[in-house]
Amino acid sequence: MKNQEIADIFGRLADILEIRGEEFFRVNTYRKVARIIEDLSADVADLVESGEILDIRGIGKGTVAGIEEYLETGGMRRYEEARKSIPKGLAELLSVPGLGPKTIGLLWREFDVKSIKSLKRTLRGKKILELPGMGPKKVENIEAGIRVYESRSGRLTLGTVLPAALATVAELRVATGIDEIEVAGSIRRWRETIGDIDILALSSKPAPVIKAFTELPRVVEVLAAGTTKASVRVSDGLQMDLRVVPPSVYGAALMYFTGSQAHNVRLRGLAQSKGLKLSEYGLFKGERRIAGRTEEGVQKKLGLEFIAPELREDRGEVEAALTGELPGLVELGDIRGDLHVHSNYSDGHSTIEEVARAAKARGYMYVSINDHSRSLGVAHGLTIERLLEQEEEIARVNQRVKGITVLSGTEVDILSDGSLDFPDDCLERLDVVVASIHSGFQQSEDKITGRILSAIRNPHVDIIGHPTGRLLGTRPAYDVDLEVVMAAAADTGTALEINAYHERLDLNDINARRAVEMGVRVAISTDSHHVDQMWAMELGVRTARRGWLTSANILNALTTKALLKVLSRT
DNA sequence: GCCGTTTTCGGCCCGACTGTTTTCAGTCG
């Protein structure tokens with residue numbers, strides 16, 4: 001699947017044209033095309049082949065011609081030509097905060113700046129101050145931007161940022177005495193990775209709130225502080241933005257600050273087509289504000305059903321909300337159990353009884369123990385003997401702990417040759433068989449897809465664990481043809497997992513959406529190695545919501561009885 | 001480059017903050 005490659009080309013093309021100072025709207029179109037292709041769940045080649053690609057808003061004939069050319073020749077002429085027109089490392093400078101395309105273009109033409117290195121050298125010189133609009137303060141800011149660029153680690157996972165963001169909000173509440181402070185931005189949309197923390201506060205007197213924000217102990221640098229908004233950098237390199245608004249515009253401001261940017265642009269365009277204007281200050285008809293206090297109010301006046309934050313990515317939610325076709329999204333309360341938890345029998349750190357009690361405390365009906373199988377030595381995989389002992393222990397815990405059903409399971413390895421790490425008569429005894437790949441990540445797409453297919457076709461396998469193997473920011477997905485996997489899973493009734501561990505979230509939102517479109521049932525599981533990790537179920541559910549899933553799509557939204565019936569495939 | 005029950009040409013989201021300005025350009029979200 002070449003979606004990412006093609007999206008990257010359009011993105012880089014946009015960068016180059018922007019630096020060259022081409023018309024903004026053409027640049028913007030390429031950016032949008034890049035995002036759309038990146039967000040596609042289906043193979044772009046299939047969509048081009050069938051012609052369906054032209055049904056997507058924002059993709060026109062010019063784009064399709066470019067994609068076809070790339071699919072046929074492996075290159076795109078307009079990109080190759082653009083690439084030759086500016087120095088190789090120049091576009092990279094767009095990643096320096098505070099440095100934009102206009103300045104980069106200017107520095108390149110006037111001073112032959114073509115890399116971070118030559119940029120630094122130029123900034124140290126005196127001549128740069130002769131440029132129009134350039135002063136000592138600007139030079140200083142660009143230098144600071146370079147330091148940030150060189151030190152920052154990229155986007156962090158939601159699971160690591162979320163606690164810090166909530167703590168900051170709590171601190172701000174104490175410092176300001178204001179209750180209505182909340183996290184917006186990509187955190188409120190529950191995106192899997194986070195670039196910065198956006199906070200919205202409701203107050204008619206912003207000055208003291210801005211002051212308290214810029215004086216928080218974690219703040220190492222104040223980037224900007226005005227009368228209604230401020231930006232700071234905190235100790236781990238992360239940026240935090242605060243916006244303070246009065247009650248009458250809180251809903252509109254929350255929408256604006258929650259994004260995504262693409263979603264906002266869509267809504268503002270929609271408002272425009274109705275002769276209205278939407279901004280963070282409300283929805284306006286002429287000079288008159290007709291909505292703004294609540295998100296629901298603004299969306300209703302735009303003719304929309306309420307769009308949950310998780311859906312606000314401009315992936316069709318606006319169209320669906322206009323026609324009343326948004327799905328009733330799954331909620332955390334719909335989840336009846338966790339179907340992938342490790343115990344101290346393998347590499348987990350909690351006893352089976354602790355897992356049972358933690359699951360009961362979460363209000364679950366059931367929880368499944370799925371320790372590693374014998375070949376995974378590093379994780380103390382269970383021998384068949386140990387597996388049988390564990391079965392007995394589970395029976396004892398079921399006696400001791402009432403009000404929860406502990407299911408016996410395994411996370412059986414899908415070995416390099418496609419066979420499973422336990423024999424069928426062993427798997428047959430268990431309630432919940434999760435099959436996962438933990439080795440041979442480098443194999444070819446055919447091989448890896450084949451391994452997963454043979455696991456899917458094994459009648460004892462109930463769920464494929466973390467189907468792509470990716471680790472956010474660490475390890476890319478292995479080469480697997482998910483279309484083929486999903487078709488097979490739909491055929492056999494095998495579920496695919498949304499592994500809720502914060503570095504996995506695998507399936508991700510887009511793949512989960514594709515899975516249910518193809519008729520696959522999804523299991524949301526935490527893969528917890530300690531009872532303290534079981535809260536991650538919320539990350540999984542939010543990912544499912546981002547994938548437009550309803551409780552009907554979720555295996556572990558079933559009651560114990562219904563679940564066992566599905567698992568036994570009678 | 002994309003798009004269209006007011007348009008096939010002429011638009012394309014909207015506003016805050018900063019640093020350089022003497023009314024605004026650049027950057028960001």
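Throughout, protein chains are lettered first and strands after them, A, B, ... in sequence-line order, and every chain is numbered starting at 1.
B/dA25 and B/dT20 have their P atoms separated by 16 Å, given to the nearest Å. Rounded to whole Å, the separation between the C1' atoms of B/dT7 and B/dC2 comes to 14 Å. When the P atom is compared between B/dG4 and B/dC13, the two are found 14 Å apart, to the nearest whole Å. B/dC14 and B/dC9 are spaced 25 Å apart, taking the P atom of each and rounding to whole Å. Rounded to the nearest Å, the gap between the P atom of B/dT21 and that of B/dT27 is 15 Å. Rounded to whole Å, the C1' atom of B/dC3 lies 10 Å from the corresponding atom of B/dT8.
Residue A/E23 has its side chain nearest to B/dG1 when only B/dG26, B/dG29, B/dG1 are considered.
Salt bridge annotation for A/R31-A/E18: present, with a cationic side-chain nitrogen under 4.0 angstrom from a carboxylate oxygen.
Shown here is A/R77, whose CZ atom has no more than 12 heavy atoms of other residues, nucleotides or ligands within 6.0 Å.
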| query | What string of B, S and - do you get for nucleotides 14-24 of chain B 5' to 3' if you count protein non-hydrogen atoms under 4.0 Å? | reply | BSSSSSS----
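Between the A/D39 side chain and the A/I36 main chain, no donor and acceptor come within less than 3.5 Å of each other.
Both distances falling under 3.5 Å, in either a Watson-Crick or a G-U wobble arrangement, occur for no nucleotide opposite B/dT8.
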